[in-house]
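Residue numbering restarts at 1 for every chain, and letters A, B, ... go by the order of the sequence lines.
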Amino acid sequence: MPELPEVENARSVIARAALDREVVDVDDHDTWVCRPHPPGEIRAALVGRRLTVAHRRGKSMWCETSGDGPVLGIHLGMSGKIVVADPDGTEVDGGDYWERGRAPGDFRYSRFALTFADGGRLMLVDPRRLGRIRLDPPIELLGPDATEITPAQFRAMLGRGTAPVKARLLDQHAIAGIGNLLADDILWRARMHPGKPVDDLSADEVAALLRATRYAIRTSVAGGGVHTLEIVRMRGPDARCPRDGTPMSHGTYGGRSTWFCPLDQRL
DNA sequence: TATAGTGTTATCGG
DNA sequence: ACCGATAACACTAT
């Protein structure tokens, strides 16, 4: 589910509904999601504090806490979602993608939760448990956020080597926020083959790639998620290129499932 | 029952 | 040590 647009939405949910509320309890019992912290460590660090600001870079979020407290790092992984609920369990914000059909208050896949003084809760709902909660996360390891990257940074990010361009777009240390679906849409818009070695990119191709990146991110953030991207809706066995009707090719690039138009995305 | 999957990272080989 | 490829992680939906 989550790429940059979904994570930005989750950040705004936190900013809108979870800031400046006193934390009275923390559920950090899931030692996989909360690794490397032992149970109770995050709880001890947060009880009595408030979240004061919610930040995002790429797909990573972090919240500052009151009283010189630690930074709370939040990553949604593949299936994570932020849900804020009222004391009675009614969902206030965050959507219900993974929880269709459940009764109010039945957050079966809640893997981490803050309880506020009024009984309301902020939860990481994550069926696959690939999301992550940690204190003082190493955000500095991430590349520039994909919404803010400059042409010079973009050029430097592409770097050299024989890596396929799609693999580089997915490298969060190079540029932060592009996931598998955004990458396919960007490459389709730039008419570039996902397996093209970054060594072979001309200056014009780099410029076209940056334009496509900005366009895809802008439209998918505005649309509310990567699902609104034209090429993403085309995925599947009968997918055809929206430009020319050619059956889409399917393969693996950068270790991920990849759909592309064999006619106009050339090496 | 078998398989794919929107993310990250440890590990392996060159 | 650097770079790139792959497996593994945990679990659900189809």
Side-chain angles (χ1 to χ4, degrees), chain A residues 1-10 29-36 56-62 73-82 95-102 106-112 124-134 137-139 141-143 146 157-188 194-200 216-217 219-221 223-239 250-260:
Chain A
M1 240 279 270
E3 299 192 24
L4 190 152
E6 287 79 11
V7 178
E8 175 53 28
N9 185 60
H29 77 276
D30 190 319
T31 54
W32 175 253
V33 169
C34 295
R35 70 192 183 283
R56 179 194 61 75
R57 178 148 151 201
K59 306 171 198 169
S60 293
M61 294 182 281
W62 66 98
I74 303 173
H75 199 290
L76 301 178
M78 291 262 267
S79 61
K81 192 164 193 51
I82 293 296
D96 64 354
Y97 184 80
W98 286 106
E99 296 286 323
R100 282 170 298 188
R102 65 168 162 59
D106 173 19
F107 295 103
R108 199 176 332 173
Y109 302 123
S110 175
R111 309 301 189 185
F112 174 84
L124 172 66
V125 175
D126 181 13
R128 288 176 66 179
R129 298 172 70 214
L130 293 172
R132 185 125 185 229
I133 299 286
R134 60 176 306 181
I139 294 132
L141 295 181
L142 293 170
M157 170 281 282
L158 283 173
R160 294 154 190 274
T162 56
V165 60
K166 179 168 178 178
R168 191 59 48 84
L169 289 175
L170 293 174
D171 182 351
Q172 304 301 302
H173 305 293
I175 178 172
I178 298 174
N180 194 35
L181 300 180
L182 261 172
D184 275 7
D185 194 80
I186 290 166
L187 291 164
W188 175 74
K196 182 150 187 153
V198 291
D199 257 349
D200 294 352
I217 290 179
T219 57
S220 59
V221 170
V226 290
H227 281 285
T228 60
L229 292 169
E230 194 168 8
I231 205 67
V232 171
R233 306 200 318 258
M234 302 296 298
R235 290 183 148 235
D238 299 320
H250 184 242
T252 299
Y253 293 90
R256 312 300 296 183
S257 174
T258 302
W259 295 85
F260 63 102

Would you mind reading off the distance between [X] atom [atom1] and [N] atom [atom2], rounded to a whole angstrom?
X	N	atom1	atom2	result
A:L4	B:dT8	CG	C1'	16 Å
A:I74	B:dG7	CD1	C1'	16 Å
A:N180	B:dT8	CG	P	11 Å
A:D184	B:dT6	CG	P	9 Å
A:I186	B:dT6	CD1	P	15 Å
A:I133	B:dT8	CD1	P	14 Å
A:E3	B:dG5	CD	P	14 Å
A:R235	B:dT6	CZ	C1'	8 Å

Do the side-chain N or O atoms of A:H75 get closer than 4.0 angstrom to the phosphate oxygens (OP1, OP2) of B:dT8?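 A:H75 to B:dT8 OP1/OP2: side-chain N or O found under 4.0 Å.
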
Between A:Q172 and B:dG7, does any side-chain N or O lie under 4.0 Å from OP1 or OP2? no

Go through the steps to decide whether A:L181 and A:R235 satisfy the test side chain to side chain contact (heavy atoms under 4.5 Å, CB included), and finish with yes or no. CA-CA 10 Å; A:L181 300 180; A:R235 290 183 148 235; 3.2 Å; yes

Annotated structure of DNA chain C as dot-bracket, pair cut-off 3.5 Å, Watson-Crick or G-U only, | for inter-strand, is .||||||||.||||

Which pair of heavy atoms, one from A:G195 and one from A:P164, lies closest together, and at what distance? CA-CB, 3.8 Å

Roughly how many Å apart are C:dG4 and B:dT6, using the P atom of each and rounding to a whole number? 22 Å

Quick one: are A:K59 and A:L76 in side-chain contact, heavy atoms under 4.5 Å? no

Has [X] got a side-chain atom pairing as donor or acceptor with [Y]'s backbone, closer than 3.5 angstrom?
X	Y	answer
A:R168	A:L158	yes
A:E8	A:G58	no
A:E3	A:L182	yes
A:N9	A:G225	no

Under the side-chain hydrogen bond (donor to acceptor under 3.5 Å, both in side chains) rule, collect the residues that match up with A:R57, sequence neighbours excluded.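 Testing A:R57 for side-chain hydrogen bond (donor to acceptor under 3.5 Å, both in side chains), a comparison that skips the adjacent residues, returns none.
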
What one-letter contact string describes nucleotides 5-11 of chain C from 5' to 3', where B marks a base within less than 4.0 Å of any protein heavy atom, S marks contact via sugar-phosphate atoms alone, and - marks no contact? S---BBB

Under the criterion side-chain contact (heavy atoms from CB on, under 4.5 Å), which of A:I178, A:L187, A:T252 is the partner of A:K166? A:L187

Heavy atoms only, 4.0 Å cut-off, all strands: where does A:R35 land among base, sugar-phosphate and nothing?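 Nothing: the residue A:R35, judged by heavy atoms under 4.0 Å, touches no strand.
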
